[in-house]
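Taking it in order: structure first as structure tokens, then the write-up.
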There are 2 protein chains.
Amino acid sequence: MNSDDRNGIDYSMLQSRLGYKLRRAQLVYFDVFFEACAQEGITPGLFSILAIIYHNPGLTQSAVSAALDVDRSAMVAAIDKLESMEVVERRKSKNDRRSYALYLTSKGKTFTERLNRKVVAGEEGFDTFMKEGEREWLLDILDRIIAARQNK
Amino acid sequence: MNSDDRNGIDYSMLQSRLGYKLRRAQLVYFDVFFEACAQEGITPGLFSILAIIYHNPGLTQSAVSAALDVDRSAMVAAIDKLESMEVVERRKSKNDRRSYALYLTSKGKTFTERLNRKVVAGEEGFDTFMKEGEREWLLDILDRIIAARQNK
DNA sequence: TATTGTTATACTCTATAACTATA
DNA sequence: TATAGTTATAGAGTATAACAATA
């Protein structure tokens, strides 16, 4: 329980830690996510941007960077790349001529939906390791942990 | 449920994803872990090395890097740092003069134990968001997800 | 003055390749 | 030949600071 793992190494101090297991479990899902993205020629970070714009068309670059909690300087190359793939377009904002409003092209919408289906399908492969109702319970408890951070 | 989050942005495609919630929940715990380490002047990566050596004294650098799944070249600067802090020491291996056997100094043992207590205490702050028995259930389901990866 | 997008820059983490000394 | 530790180097990813245009 608190000693051996896969290779004769004793992971005690790490193994018993909930944070450590959350990290390793998250990496399992991340591999699936990463692989699905890679097949379509993008990265998880770029997919996150597409997902935000898909559901919130017209946001500025700064708004997207704030939503994803990365610096706005990081958005420049990211949007450049997505524009070169013709899945996102910058439209000059009319009310504020400093900023762009971001939209998915129709190709971008199709692309994002296909990618999303692929990721969902990949994750479903792990549902077989959960019993009836466990998935909902897991999502619920993760929500409580996430909410706990906001309450400091 | 599948729309708004903290700031009026719709995170649907990400929010519904189990991988995404695992990541965010993990980040909550990681913040605690990171903060506890920072107070002692190290990083989570260095603590992982200390934890491995604590329970497996005498391992070589390559064995530790394999246990933590990082490249052995990354171990050089890490062990240099831990040696300069006088918490780890390299001893020349007698059977194989190419390699070092790694040990914690007595200062290193005390250091690692104190840090471990600090991390455990930090994590316990989140136990209040779980009901009786939920923590064990969560650890169990995470183990199953982690094991699922090994079964390809 | 403050903010948007941008650029230049730096820092961390990690991986690859090549070297040396051993095996 | 293969392996352990090392070094140099390069690639992500991300952060800071400064600048021009605009608010």
> Between A:Ser62 and C:dT3, is there a side-chain N or O to OP1/OP2 distance below 4.0 Å?
Replying inline: no
>> Over 60° means perpendicular and under 30° means parallel, so tell me whether A:Phe33 and A:Phe30 are parallel, tilted or perpendicular.
In response: perpendicular
> Sequence neighbours excluded, which residues qualify as side-chain contact (heavy atoms from CB on, under 4.5 Å) partners of B:Tyr100?
Replying inline: B:Gln61, B:Arg90, B:Lys92
>> I'd like to check the side-chain hydrogen bond (donor to acceptor under 3.5 Å, both in side chains) partners of A:Arg72; sequence neighbours left out, ordered by chain and number.
In response: none
>> Just so I know, are the side chains of B:Ile145 and A:Leu138 near enough to count as touching, which here means a heavy-atom distance under 4.5 Å?
In response: yes
>> Using a strict heavy-atom distance below 4.0 Å, which residues from residues 26-59 of chain B are in contact with DNA chain D?
In response: none
> Could you state the CZ-P distance from B:Arg72 to D:dA2, rounded to the nearest angstrom?
Replying inline: 14 Å
>> If the condition is side-chain hydrogen bond (donor to acceptor under 3.5 Å, both in side chains), which residues does B:Glu136 pass it with, not counting sequence neighbours?
In response: none
> Which of parallel (below 30°), tilted (30 to 60°) and perpendicular (above 60°) describes A:Phe126 and A:Tyr29?
Replying inline: tilted
> Expressed in angstrom and rounded to an integer, what is the separation of A:Leu68 atom CG from D:dA15 atom C1'?
Replying inline: 16 Å
> Can you list, by residue number, the residues of residues 74-102 of chain A that have a non-hydrogen atom closer than 4.0 angstrom to DNA chain C?
Replying inline: A:Val76, A:Arg90, A:Arg98, A:Ser99, A:Tyr100
> For A:Tyr103, does the OH atom sit with more than 12 other heavy atoms under 6.0 Å from it, leaving out its own atoms?
Replying inline: yes
>> Using five base pairs at each end to define the local axes, how bent is the helix from C:dT1-D:dA23 to C:dA23-D:dT1, to the nearest 10°?
In response: 10°
>> Looking only at the side chain of A:Asp71 (C-beta and beyond, no hydrogens), which of the listed nucleotides C:dT4, C:dT16, D:dT16 gets closest?
In response: D:dT16
>> I need the single residue from A:Ile79, A:Leu59, A:Ile49 that forms a side chain to side chain contact (heavy atoms under 4.5 Å, CB included) with A:Leu102. Which is it?
In response: A:Ile79
>> Within a 6.0 Å radius of atom NZ on B:Lys109, are there more than 12 heavy atoms belonging to other residues, nucleotides or ligands?
In response: no
> How far apart are the closest heavy atoms of A:Asp96 and A:Ser93, and which atoms are they?
Replying inline: O-CB, 3.3 Å
